[in-house]
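Order of the sequence lines fixes the chain letters, A, B, ..., with proteins taken first and strands second; residue numbering starts at 1 for each chain. Worth saying up front: this structure is predicted, and the values here are computed from it rather than measured.
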Protein chains: 2
Amino acid sequence: MSTTAAEKRRLILDAAVRVFARQGFHTCRVSDIADEAGVAYGLVYHYFSSKEQMLDTLFLERWDVMLAAIAETDESDRAPREKLHAVASFIIDSYRHDPDVMKVIIVEVTRAANTFGRTHLAKIRDAYDSIAGIVAAGQRSGEFDDAITPQFAAQAFYGSVEQVLTGWIFDAAPVDERAYERAKTMIVELICDGLRRR
Amino acid sequence: MSTTAAEKRRLILDAAVRVFARQGFHTCRVSDIADEAGVAYGLVYHYFSSKEQMLDTLFLERWDVMLAAIAETDESDRAPREKLHAVASFIIDSYRHDPDVMKVIIVEVTRAANTFGRTHLAKIRDAYDSIAGIVAAGQRSGEFDDAITPQFAAQAFYGSVEQVLTGWIFDAAPVDERAYERAKTMIVELICDGLRRR
DNA sequence: TGCGGTTGACTGACTCGTCAATCGAGGGAG
DNA sequence: CTCCCTCGATTGACGAGTCAGTCAACCGCA
């Protein structure tokens, strides 16, 4: 055979991402996913136990990669400001590389954490905590002022990134390549230096 | 009769807000709303043409109030920084006054704008534009540096506010009164001054 | 008596997840 | 080399349940 079981599973999961991104998790049918994958309806249930499990899988798969990337960044010996740039970079590049996955994660998971398992909430908080850790380190080293709590700075930082992605997702504005880099630097500049006149 | 038609409509809409907030728009049933309002199932359809129309109504009702408040703030002759504080204040106080409405707006509308009418998208953009206008005025007057585009600053500002609200919504952390005021000042300080050591 | 407000059983449409049937690659026997 | 057997992969029709929206009947005030 030309495709292994793992490849078939991937095929279906990738189709699910496209369908979730296009129609939304709640409004799409499992048959839409099967059609998109070019596969029989029942086969979806051979590889996944439910529609929701597909969403869980694709979220955890990507989010864990992100958590690992943030952790790795945090362990490097760069300056806090550069660590924040690296984190923003990773998230934005994730979107650049695969907009659909990020769209689904932001629209269907991150913001609907109440209707889904509380597991996801903990994962999301892990990300905040890592970012807050970077800020706290910056405050201890004297690079950052400590008027702002690290937890709050993390929320604002992540919220800014997510809002930028949301703009790209919904406004469907054709984004040229430089826009990604500009967004990264603006986020870091705004969070670190603010709007204050320099 | 003791209740007018308008009051009955309000009764049902308020019940819908509570149910949407508790169970989510997609997972709740119209019968849940009727039960919550203490009203027969069919009566809901006497006042609203569909479940979705209830969501539209409650969003527009509140969002228009917010747009008006932002516009009024913008027309005052306060400093840009204080205008931003006023805007953050209004949004956060909206949550303090009625958490359920803001929860529904953020979770079900703001983030699901693709599945619903494009009308909402335009309304949401109006808010960004107003905030961006405040920032642009600050840049012209020299109070703000213009390294950051107003549009981007608006996204970051609104994103920060929304992320703080999201934290309150999902973490269900008991929020004491001072937390609201602290959040307002931290948002304005972070956006205007950044994390830079002062 | 007339009419707007109100009721809730009912219908029609839809979809998740199941399952019995089928397919086909690989391997063992003749 | 061929036959056929096995077993996991694959199919899609179907059962069971859900729920939005309809509607004919009812109520009670003016």
**Request:** Grab the CG-C1' distance between Leu43(B) and dC23(D) for me, whole Å please.
**Result:** 14 Å
**Item:** Proximity to the side chain of Val39(B) - top-ranked nucleotide from dT7(C), dG17(C), dG21(D)
**Value:** dT7(C)
**Integer-rounded Å distance: dC16(C) P and Phe25(A) CZ** = 9 Å
**Whole-Å gap separating P (dC29(D)) and NZ (Lys8(B))** = 13 Å
**Item:** Candidate list Asp56(A), Leu55(A), Leu13(A), test side chain to side chain contact (heavy atoms under 4.5 Å, CB included), partner Phe48(A), passing option
**Value:** Leu13(A)
**Asked** Picking from dT7(C), dG17(C), dG12(D), which would you name as closest to the side chain of Ala40(A)?
**Response** dG12(D)
**Asked** Heavy atoms under 4.0 Å, any strand shown: does Phe48(A) hit a base, just sugar-phosphate, or nothing?
**Response** nothing
**Message:** Nearest to the Tyr47(A) side chain among dC16(C), dT7(C), dT10(D), which nucleotide is it?
**Reply:** dT10(D)
**Message:** Applying side-chain contact (heavy atoms from CB on, under 4.5 Å), can you list everything that pairs with Arg29(A), at least two apart in sequence or on another chain?
**Reply:** Ser31(A), Asp32(A)
**Asked** Of all the nucleotides listed (dC19(D), dG8(C), dG12(D)), which has the minimum atom distance to the side chain of Arg29(B)?
**Response** dC19(D)
**Prompt:** Expressed in angstrom and rounded to an integer, what is the separation of Tyr45(A) atom OH from dG12(D) atom C1'?
**Reply:** 14 Å
**Message:** Please classify the nucleic acid contact of Val44(A) as base, sugar-phosphate, or nothing, using heavy-atom distances under 4.0 Å.
**Reply:** nothing
**Message:** Check this for me, if you would: do Asp171(B) and Arg125(A) make a salt bridge, where the nitrogen-to-carboxylate-oxygen distance has to be below 4.0 angstrom?
**Reply:** yes
**Item:** Nucleotide nearest Tyr41(B) (side chain, heavy atoms from C-beta), chosen from dT22(D), dG17(C), dT11(D)
**Value:** dT22(D)
**Fill in**
Separation of dT22(D) atom P from Lys51(B) atom NZ, nearest Å, is 15 Å
**Asked** If you look only at pairs with a residue in residues 58-84 of chain A, which of them pass as a ring pair (Phe, Tyr, Trp, His ring centres under 6.0 Å), with sequence neighbours excluded?
**Response** Phe59(A)-Trp63(A), Phe59(A)-His120(A)
**Asked** Are any of His46(B)'s side-chain N or O atoms less than 4.0 Å away from OP1 or OP2 of dG5(C)?
**Response** yes
**Request:** Name the nucleic acid region contacted by Ser49(A), choosing base, sugar-phosphate or nothing; use a 4.0 angstrom heavy-atom cut-off, strictly under.
**Result:** nothing
**Fill in**
Correct closest heavy-atom pair for Lys123(B) and Asp64(B) would be NZ-OD1, 2.8 Å
**Item:** Gap between atoms CG and C1', on Asp35(A) and dG12(D) respectively (whole Å)
**Value:** 12 Å
